[in-house]
S.K.: 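Below is a structure I'd like to ask you about.
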Protein chains: 2
Amino acid sequence: MQNNNNPIQIEVPEVVVQRLPIYVRVLSQLLESNVEVISSHQLGELLQMTPAQIRKDLSYFGRFGKQGRGYNIQFLLDELRQILGIDRAWKACLVGLGRLGRAIINYPGFSPEGFEIVAAFDNDVSQYDSRLGTISVQAMEEIARTVKAKNISIGIVAVPSNQAQSVIDTLVENGITGILNYAPIAPFAPANVVMRNIDPVLSLQSMTFYMKENEEIN
Amino acid sequence: MQNNNNPIQIEVPEVVVQRLPIYVRVLSQLLESNVEVISSHQLGELLQMTPAQIRKDLSYFGRFGKQGRGYNIQFLLDELRQILGIDRAWKACLVGLGRLGRAIINYPGFSPEGFEIVAAFDNDVSQYDSRLGTISVQAMEEIARTVKAKNISIGIVAVPSNQAQSVIDTLVENGITGILNYAPIAPFAPANVVMRNIDPVLSLQSMTFYMKENEEIN
DNA sequence: ATTCTCTGTTAAATGTTTGTTAAATTGCCG
DNA sequence: CGGCAATTTAACAAACATTTAACAGAGAAT
């Protein structure tokens, strides 16, 4: 994925990076429940993982625990958030205001985590006001201008499959470096762009493989 | 994930299973474009994978290719669909008819792939008709009865986080063996239940790790 | 002080991907 | 029509990556 020619710093496996947000979430919940310290063993129980894996994962980034005691949750949380880069806000734009796009724009889970959708684009804008709450709604042609003007770094793609790749290309051309793609395609992007796909159908299709096996056993 | 004590059959890695639906999708597209045969090399190009990996993946399940020629797309597709268990229809129910739930129910991507939402449940059903198209809309209390009556095997969870685990428990109690969970939690389920989580925030949070690095380079 | 707990680290085990080679198939050329 | 070169899989082996286990040492508790 990313090249790291620095011989000092060890490359962190991508799987590990993908687990960090899960730690962040659980630790946040624990903190809300006024738990202050947790051991890798307890955390493993909670997340159904081995304590060894948790300790190994964290050790890629530093020494956050205290022997004989465990991890201070507040401290670990702060560190993890900084490591992930979620200790600050990120500006995103949404492309596509169909049913899916509108659900995304109304999804209340993004902004508490610092992901703010500041602009939305669609082919047919006539049906909308020029602002949806604090979000400006514009024609596709405005992507270039707005992304640069507002210094947006994340693009959320919710257009039909046949338009998705060209939308992605446009976003990338205009400096977007992270794309959350909801279109059911295998998208291309340059290596310096981080792509994440949300595709429930693929999830279901790999799910049935195991369900089928269950049925055969019964 | 699944126990397989059969000493003859080799355990297929889960990563491999998760790639199969991607193959299915690309192969379907190729078939629509009237391509009949494809080599692992060409497929690898298309999917940005090594040909070796594609061949290895497929070889877990059988010998589908012809040396000197490649894979017959129609044949491979039929085989893969059978392997994944997507050569037949699966009945699903949706729990939660908030904005997210309504977007899911209207998502046109499920039924062409054989996943049919046949029932939907919500705490407050008063706002809906008893049917939404062909889908029966019922109170949560009806989950048990309806899941059994309609022989539903997949549950799609789109309720608020604080209700998600108890909904999952209910679904599992009533014989659901596959759960597609949209709630941002780390859900528990017995080992014989297949769980897939759709969580855009986690995706974004692991994305920023790499975007942050990019910025530091610039 | 001594015992118990729990991390960070190293080593071993396990899992996954890639490279290589033999064998099968195709298409071409004489 | 037969042989030869080009292709491409399937299988095996090697390289690489990730997870788990084990343990020394630091800290806490008694």
Side-chain angles (χ1 to χ4, degrees), chain A residues 1-4 7-20 22-23 27 30 35-77 79-80 83 206 209, chain B residues 1-5 7-20 22-23 27 30 35-77 79-80 83 206:
Chain A
M1 182 118 280
Q2 88 280 38
N3 278 336
N4 189 339
I8 294 168
Q9 194 174 328
I10 334 113
E11 179 72 79
V12 180
E14 176 145 2
V15 263
V16 173
V17 174
Q18 287 177 353
R19 278 193 294 263
L20 297 187
I22 300 170
Y23 299 149
L27 292 170
L30 287 166
V35 186
E36 288 183 3
V37 175
I38 193 164
S39 69
S40 60
H41 184 81
Q42 294 170 300
L43 199 51
E45 191 101 325
L46 231 47
L47 288 170
Q48 305 287 290
M49 314 168 55
T50 64
Q53 180 165 63
I54 291 167
R55 290 202 301 274
K56 185 91 218 278
D57 282 358
L58 298 177
S59 76
Y60 279 106
F61 303 98
R63 308 172 54 141
F64 307 122
K66 274 223 168 67
Q67 279 134 324
R69 193 159 160 73
Y71 298 89
N72 177 291
I73 294 178
Q74 181 68 69
F75 173 71
L76 182 54
L77 254 179
E79 291 289 320
L80 287 178
I83 291 161
S206 68
F209 175 82
Chain B
M1 182 117 281
Q2 90 280 36
N3 278 334
N4 189 338
N5 299 327
I8 294 168
Q9 193 174 328
I10 333 111
E11 180 70 79
V12 180
E14 177 145 0
V15 262
V16 173
V17 175
Q18 287 178 355
R19 280 195 293 263
L20 297 187
I22 300 170
Y23 299 150
L27 292 170
L30 287 166
V35 186
E36 288 183 3
V37 175
I38 194 165
S39 69
S40 60
H41 184 82
Q42 294 170 299
L43 199 52
E45 191 100 327
L46 231 47
L47 288 170
Q48 306 286 289
M49 314 168 56
T50 63
Q53 180 165 63
I54 292 167
R55 291 202 300 274
K56 183 89 217 273
D57 282 358
L58 298 177
S59 75
Y60 278 105
F61 303 98
R63 310 173 52 145
F64 306 124
K66 274 224 166 65
Q67 279 132 326
R69 191 161 161 72
Y71 297 89
N72 178 292
I73 294 178
Q74 180 69 69
F75 175 71
L76 181 55
L77 255 180
E79 293 289 321
L80 287 178
I83 290 162
S206 68

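Quick note on labels: first sequence line is chain A, next is B, and so on, each numbered from 1. Because the structure is predicted, anything quoted here is derived from the model rather than measured.
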S.K.: Rounded to the nearest Å, what distance is computed from the CD atom of residue B:Gln42 to the C1' atom of nucleotide D:dT8?
M.R.: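 Whole-Å distance recorded here is 11 Å.
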
S.K.: Distance check needed: C:dT17 P versus B:Glu14 CD, whole Å only.
M.R.: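 For the pair B:Glu14 CD and C:dT17 P, the rounded distance is 12 Å.
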
S.K.: Would you check if there is a donor-acceptor pair between the side chains of B:Gln53 and B:Thr50 at a distance under 3.5 Å?
M.R.: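 No, no side-chain donor-acceptor contact under 3.5 Å.
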
S.K.: If I take atom CG in residue B:Leu76 and atom P in nucleotide D:dT8, what distance separates them, rounded to the nearest angstrom?
M.R.: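 Going from B:Leu76 (CG) to D:dT8 (P), I get 16 Å.
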
S.K.: What nucleotide among C:dT18, C:dT26, D:dA26 has an atom nearest to a side-chain atom of A:Gln67?
M.R.: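 The closest nucleotide is D:dA26.
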
S.K.: Any side-chain N or O of A:Arg63 under 4.0 Å from OP1/OP2 of C:dT9?
M.R.: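 So the side chain of A:Arg63 is within the cut-off, an N or O lying under 4.0 Å from OP1 or OP2 of C:dT9.
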
S.K.: Among C:dT26, D:dA11, D:dG27, which nucleotide has an atom closest to any side-chain atom of B:Arg69?
M.R.: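 Side chain of B:Arg69 sits closest to C:dT26.
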
S.K.: By nearest heavy atom, map B:Gln53 and A:Ser59 onto DNA chain C; which one lands nearer the 5' end?
M.R.: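 Looking at the nearest nucleotide for each, A:Ser59 comes out on the 5' side.
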
S.K.: Please compare A:Val15 and B:Leu58 by the position of their nearest nucleotide in DNA chain D and report the one closer to 5'.
M.R.: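 Between the two, 5'-proximity favours B:Leu58.
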
S.K.: For the side chain of A:Thr50, counting heavy atoms from C-beta on, which of C:dT7, D:dT8, D:dT20 is nearest?
M.R.: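 My answer, after comparing the listed nucleotides, is D:dT20.
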
S.K.: My understanding is that only one of A:Val12, A:Val17, A:Leu20 makes a side-chain contact (heavy atoms from CB on, under 4.5 Å) with A:Ile83; could you say which?
M.R.: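 The option that passes is A:Leu20.
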
S.K.: Compare side-chain N and O positions of A:Ser40 against OP1 and OP2 of C:dC6 and report whether any pair is under 4.0 Å apart.
M.R.: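 False: A:Ser40 side-chain N/O out of range (4.0 Å or more) of C:dC6 OP1/OP2.
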
S.K.: Please tell me which of the listed nucleotides, C:dT9, D:dT19, D:dT9, lies nearest to the side chain of A:Arg19?
M.R.: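 Out of C:dT9, D:dT19, D:dT9, the nucleotide with an atom closest to A:Arg19's side chain is D:dT19.
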
S.K.: Using the side chain to side chain contact (heavy atoms under 4.5 Å, CB included) rule, take A:Leu46 and A:Leu30 through it: C-alpha gap first, then chi angles, then the decisive distance, then the call.
M.R.: CA-CA 10 Å; A:Leu46 231 47; A:Leu30 287 166; 4.0 Å; yes

S.K.: Between the protein and nucleotides 4-6 of chain D, list every N/O to N/O distance that falls short of 3.5 Å.
M.R.:
none

S.K.: Could you pull out the closest heavy-atom pair between A:Gln42 and A:Val37, with the gap in Å?
M.R.: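 Result for this residue pair: OE1-O, 4.4 Å.
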
S.K.: To the nearest Å, how far apart are A:Tyr60 OH and C:dT10 P?
M.R.: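 One finds 12 Å between P of C:dT10 and OH of A:Tyr60, rounded.
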
S.K.: Return the value, rounded to whole Å, for the distance between atom CG of B:Asp57 and atom P of D:dA10.
M.R.: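 B:Asp57 atom CG is separated from D:dA10 atom P by 12 Å.
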
S.K.: Rounded to whole Å, how long is the line connecting atom CD of A:Gln48 with atom C1' of D:dT19?
M.R.: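 It works out to 17 Å between those atoms.
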
S.K.: Excluding sequence neighbours, so at least two apart, what forms side chain to side chain donor-acceptor pair (under 3.5 Å) with B:Gln67?
M.R.: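 Per chain and number, B:Gln67 pairs via side chain to side chain donor-acceptor pair (under 3.5 Å) with no residue.
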
S.K.: On a heavy-atom basis, which atom in B:Leu27 and which in B:Ile73 lie closest, and how many Å separate them?
M.R.: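 Closest approach of B:Leu27 to B:Ile73: O-CG2, 3.5 Å.
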
S.K.: When you get a sec, tell me which of C:dG8, C:dT18, D:dT8 is the closest nucleotide to the side chain of B:Ser39?
M.R.: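 My answer, after comparing the listed nucleotides, is D:dT8.
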
S.K.: Which nucleotide in the list C:dT17, D:dT18, C:dG8 gets nearest to the side chain of A:Tyr71?
M.R.: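 From the listed options, C:dG8 comes nearest.
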
S.K.: Heavy atoms from C-beta onward define the side chain here; which of C:dT17, D:dA11, D:dT9 lies closest to that of B:Lys56?
M.R.: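 Nearest listed nucleotide: C:dT17.
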
S.K.: Check whether more than 12 heavy atoms from other residues, nucleotides or ligands sit under 6.0 Å from atom CD of B:Glu45, and answer yes or no.
M.R.: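 Open: at most 12 neighbouring heavy atoms sit under 6.0 Å from CD of B:Glu45.
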
S.K.: Rounded to the Å, how far apart are B:Asn72 CG and C:dT25 P?
M.R.: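 The answer, rounded to whole Å, is 15 Å.
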
S.K.: Shortest non-hydrogen contact from B:Tyr23 to B:Leu47?
M.R.: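 Smallest heavy-atom distance, with atoms named: CD2-CD1, 3.7 Å.
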
S.K.: Which nucleotide in the list D:dC23, D:dT20, D:dA10 gets nearest to the side chain of A:Arg55?
M.R.: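 Looking only at heavy atoms from C-beta outward on A:Arg55, the closest nucleotide is D:dC23.
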
S.K.: Please give, in whole Å, the distance from D:dA28 P to A:Lys66 NZ?
M.R.: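 For the pair A:Lys66 NZ and D:dA28 P, the rounded distance is 7 Å.
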
